[in-house]
Enquirer: 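I am attaching a structure below and will ask some questions about it afterwards.
Quick note on labels: first sequence line is chain A, next is B, and so on, each numbered from 1.
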Amino acid sequence: MLRVEVAIIGGGVTGLGIARDLAQRGVTVALFEKGDLASGTSGRAHGLLHSGARYAVKDPVSASECARENRILKKIAPHVIEDTKGMFVAVEESDLEYEKSFLDGCKRSGVRVEELSTEESFNREPYLNPNLIAAYQVDDAAVDPFRLALANFLDARNNNAQIFTYTPVRLLVKRGEVIGVRLVKSGEKVQADIVVNATGAWAGEVCKQAGVKLEVKPNKGTLVVISKRLTNTVLNRLRPPSDGDIIVPHQTTIILGTTSTYVKSPENLLPTKREVNLILREGEKLMPLVRRLRVIRAFSGARPLLEGGSGREAARTFLVIDHEESGVEGLVTVTGGKLTTYRLMAERTADLICTKLGLRAPCRTDKEELPEVPIRDTLERYESLGKELGEEKDTVCECEMVTRSEIETAFRVLAAKTLGDVKRRTRMGMGECQAQMCAYRVADLMAESLGFKADETLDMLGDFLKEQWKNSRALEGSQKVQIEFFKTMYRLAGGLDE
Amino acid sequence: MTSEVDAIVVGAGVAGLTAAKIIGEGGFQVLVIASGYGCSQASSGTIDVLGRYEGKCVVDVESALEKFVKENPWHIYALAGKKTVLSALSDFQLRSEGLYAGGGGRNMKIITPLGTVKSTYLVQSTMLNASPEALAGSKVILIAFPGLTGYAPHIIAGKMRSEGIEVKTVKLDLPAISPFQLASSIESSPEVLTDKLREENAKNYDWVVFPPVLGLRNVRETWQVVEEKLETRVVELPSFPPSVPGKRLYFSLRSQCEKAGVEIALGKIVSKIKLRRGRVVEVSTGEGSYVPSTLILSTGWMLDRVLKIKGLPPRSKKEYDIKVEGVENLFFARSPVSHEEKIGLGAAITTGWLAGKAALDYLKKGGN
């Protein structure tokens, strides 16, 4: 039986951040994730490293947390962040009503803001709405949530944390006390002094297993990906937070979002046509060209919101709860928060755990740089174009220029187990064809050199494509036709469903 | 500039070219207008008529079709009738001059580009033995070309092994910028391929299994030369699009059309179709207008640009009737694809045949 000091449930950035933090402090840690790393809320994020400006008016605590973490992450994880800067732009007269409270709020929360002239704004972002009235620069940036998760994973593992993906667990409760976790598939038990519930939007469900009531409301947010990088700056609408008011550049794409709807369960969230159209309609006000370009993907994630009235009103701050205070020993929950504040959430959680374990080890995650992920991102691949001749023969995903060796690294070094895992680690399939042209090539490579059996790879290919097709139901136009075509290719020509 | 013509076919896919050929062979002037090559090469080149029905693989196509047409009266197969479907297909096979094999009212099995097995009606003759049954118990070399995509050689090898076939996978380092380029270079000098295989002693194996790259236009000749040089039997597997077999199919239909005197104008987009008193009276492209006696629209299911024809009632997606109420010289050749029932080019050939025959009848009756 495995015995650790701390068992963490949840392999999103928060769980991985806690694993990294505790492992650095010398605590023995095992992390259990029911799917893949960053396959829940983390991997469905906007990829926006907040400056805090978005929350400056209504949620000053969040705003100053974001502002501080923004600076720390740019220092410790420069290789997973593109320091794009952000802009808040007013495009309608009514936007100006928000201007004063916005500036006051930023000042109060320590969020840096700088006014931009119209000329400067257009020089920087020529596709901005020509009716632009006012623009401010903030310290927003683009962060790759997958690579952020992987960097934390690598550092945690380098410090001897054990990380298990595709390993759902349940709390092991003895006389009201949480004593570890039980692996659902094998029935195996893992003993732990403390179990950390880092499952975000799923936190309420995990608490229930120990008889603890925790109100976390899953809040659905939908995002839309356009295949052309129209902006190099994060664009925000200068108005109170609402649907479709942010555009984030991400590698060769832009991601538009988002929406906010409370949902019963954080599982299996799919974007709707209505949400996609709403986002495009609002996005168009920031950049009119977005309506004329191809939407290659839409996806939905679940925010773990804590309290408050509507989804937009609810605070983006986080909570670290020691359930001992309500009589359940051995269980700590961390939930709420933002991708931007994941490190701070991990720090606070690890601080509490160290106190409970009687350890005096300071947090170092704000100073020590995260390790590099041994796979290039697409911008780096573009930079090396032409320098490495002959590489095209080894290119498996042509849209994102992912090579054979990168896919092998995903499996051998970064613990990929499925095609979806490869996608999250390499960007395979995140481009215009949405993996339709390369999925079978990756599957073939898995059968060739990665030890997978033919039937196993075909099952995985089928599951992966079904997931891709499911998400594309809300799309229209040429992307929809393209997906129909490839469905026919796989099913009629490839006999995949037999 | 306006010119008169007996028939215009819009679209150069399998259905459009089939219709054009039939009208041309009937002695009328035909002009095919298409924006591109058509979607033949976007298929894997096998002729899928009805591969699955009621959850089972179809073997006896004739009896499955009989049931199918009763239950799907809207379908092109029902509109054509079982007999016409089968005769359109045997005519297609006959005129392919040996490119296609199989048929005879029965499906056969073929190994797909993913190594699964599906039922299909006609395959290119180089693929006649590309089934687990034909290869069972034998020793084969399976060829992979680094850089050539369109099939999954290692999955195929794994599936073959589980069927009791002894497989050796051999990588052949031939430049494969595209499958078409590879096929045409093998066609012009097959020894480049067979020399590379010399060390493998192919004659000690029962079969050498290739992706479909043994020639583009002279497939049978290329195939035979490769068999002679390797001193063993050679078989091709189908591949994903863009596929060489699909391109071969296009070349075959195109040359049949040219023999029938059909003129083919690619790279043209129809901008307007004018109706007057229940007749199509003018078809315009950017470069000029035509006055056709009949018009066949065969714009496919995939990249179908919806032509707005003023005065024409909108057609639903499931409407495959070749005629439209109230316009006497307009015919549609749009065919349904079904991945459930594995219906592909079989429907395209049937639709083209049906629309072509109907237009021909109309022209013969002196409709102008």
Enquirer: Would you list the pairs meeting side-chain hydrogen bond (donor to acceptor under 3.5 Å, both in side chains) in which at least one residue belongs to residues 442-455 of chain A, sequence neighbours left out?
Expert: A/Arg404-A/Glu448, A/Glu408-A/Ser449, A/Asp444-B/His154, A/Glu448-B/Lys171, A/Asp455-B/Lys159

Enquirer: Can you list everything that forms a salt bridge (Lys or Arg N to Asp or Glu O under 4.0 Å) with B/Lys168? Sequence neighbours excluded, please.
Expert: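 Scan of B/Lys168 (salt bridge (Lys or Arg N to Asp or Glu O under 4.0 Å), adjacent residues dropped) gives B/Glu200.
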
Enquirer: Does a sphere of radius 6.0 Å around CZ in A/Phe485 hold more than 12 heavy atoms from other residues, nucleotides or ligands, not counting ones at 6.0 Å or beyond?
Expert: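 Atom CZ in A/Phe485 is packed in, count exceeds 12.
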
Enquirer: Out of B/Ala152, B/Gly344, B/Ser338, B/Ser162, return the one with the most heavy atom pairs under 4.5 angstrom to chain A.
Expert: B/Ala152

Enquirer: Could you tell me whether A/Arg274 atom CZ has more than 12 heavy atoms of other residues or ligands within 6.0 Å of it?
Expert: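 At most 12 heavy atoms, drawn from other residues, nucleotides or ligands, come within 6.0 Å of this atom.
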
Enquirer: Taking every heavy-atom pair that is under 4.5 Å apart, which of B/Ala42, B/Gly45, B/Gly51 has the most such pairs with chain A?
Expert: B/Ala42

Enquirer: Is the CZ atom of B/Phe180 crowded by more than 12 outside heavy atoms at less than 6.0 Å?
Expert: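 Enclosed: over 12 neighbouring heavy atoms sit under 6.0 Å from CZ of B/Phe180.
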
Enquirer: Does B/Thr46 use its side chain to pair, donor to acceptor, with the backbone of A/Ala493 at less than 3.5 Å?
Expert: no

Enquirer: Under a 4.5 Å heavy-atom cutoff, which of B/Gly158, B/Gly150, B/Ala144 has the most pairs with chain A?
Expert: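 Looking at each option in turn, the highest pair count goes to B/Gly150.
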
Enquirer: A quick test of your reading: do over 12 heavy atoms of other residues, nucleotides or ligands sit less than 6.0 Å from NZ of A/Lys480?
Expert: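 Open.
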
Enquirer: Could you tell me which residues in residues 414-442 of chain A have at least one non-hydrogen atom under 4.5 Å from a non-hydrogen atom of chain B, sorted by residue number?
Expert: A/Tyr440, A/Arg441

Enquirer: When rounded to the nearest 0.5 angstrom, what is the spacing between CG in A/Leu458 and OG1 in B/Thr112?
Expert: 8.0 Å

Enquirer: Sort out for me which of B/Ser44, B/Pro238, B/Gly115, B/Pro241 touches chain A most, counting heavy-atom pairs under 4.5 Å.
Expert: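 Between B/Ser44, B/Pro238, B/Gly115, B/Pro241, the count favours B/Pro241.
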
Enquirer: When A/Asp497 is tested against each of B/Arg52, B/Lys342, B/His339 for side-chain contact (heavy atoms from CB on, under 4.5 Å), which residue passes?
Expert: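 Per the side-chain contact (heavy atoms from CB on, under 4.5 Å) rule, the option paired with A/Asp497 is B/Lys342, out of B/Arg52, B/Lys342, B/His339.
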
Enquirer: Against chain A, label B/Thr169 side chain, backbone, both or neither, depending on which of its atoms sit under 4.5 Å from a heavy atom there.
Expert: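 B/Thr169 has no heavy atom closer than 4.5 Å to chain A.
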
Enquirer: Has the side chain of B/Lys118 got a donor or acceptor atom that lies under 3.5 Å from a matching backbone atom of A/Leu496?
Expert: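 Flag not set: sc B/Lys118 to bb A/Leu496 has no pair under 3.5 Å.
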
Enquirer: Taking NZ in B/Lys139 as the centre, count heavy atoms belonging to other residues, nucleotides or ligands within less than 6.0 Å. Is the count above 12?
Expert: yes

Enquirer: Among B/Ile155, B/Leu148, B/Leu114, which has the most heavy-atom pairs under 4.5 Å with chain A?
Expert: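 Looking at each of B/Ile155, B/Leu148, B/Leu114 in turn, B/Ile155 comes out on top.
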
Enquirer: Which region of A/Thr488, side chain (C-beta onward) or backbone (N, CA, C, O), has a non-hydrogen atom less than 4.5 Å from a non-hydrogen atom of chain B, or is it both or neither?
Expert: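 For A/Thr488, backbone and side chain are both near chain B.
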
Enquirer: Chain B heavy atoms under 4.5 Å from A/Leu461: which part of the residue, side chain, backbone, both or neither?
Expert: side chain

Enquirer: What part of B/Ile343 gets within 4.5 angstrom of chain A, counting heavy atoms only: side chain, backbone, both, or neither?
Expert: backbone

Enquirer: Taking only residues two or more places apart in sequence, or in another chain, which ones meet B/Ser243 in a side-chain contact (heavy atoms from CB on, under 4.5 Å)?
Expert: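 B/Ser243 satisfies side-chain contact (heavy atoms from CB on, under 4.5 Å) with B/Ser239, B/Pro245 once adjacent residues are dropped.
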
Enquirer: Relative to chain A, which segment of B/Ala157 carries a heavy atom at a distance below 4.5 Å: side chain, backbone, both, or neither?
Expert: neither

Enquirer: Looking only at heavy atoms, which two atoms of A/Gly494 and B/Pro113 are closest? And how far apart?
Expert: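 Nearest heavy atoms, A/Gly494 then B/Pro113: CA-CD, 4.4 Å.
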
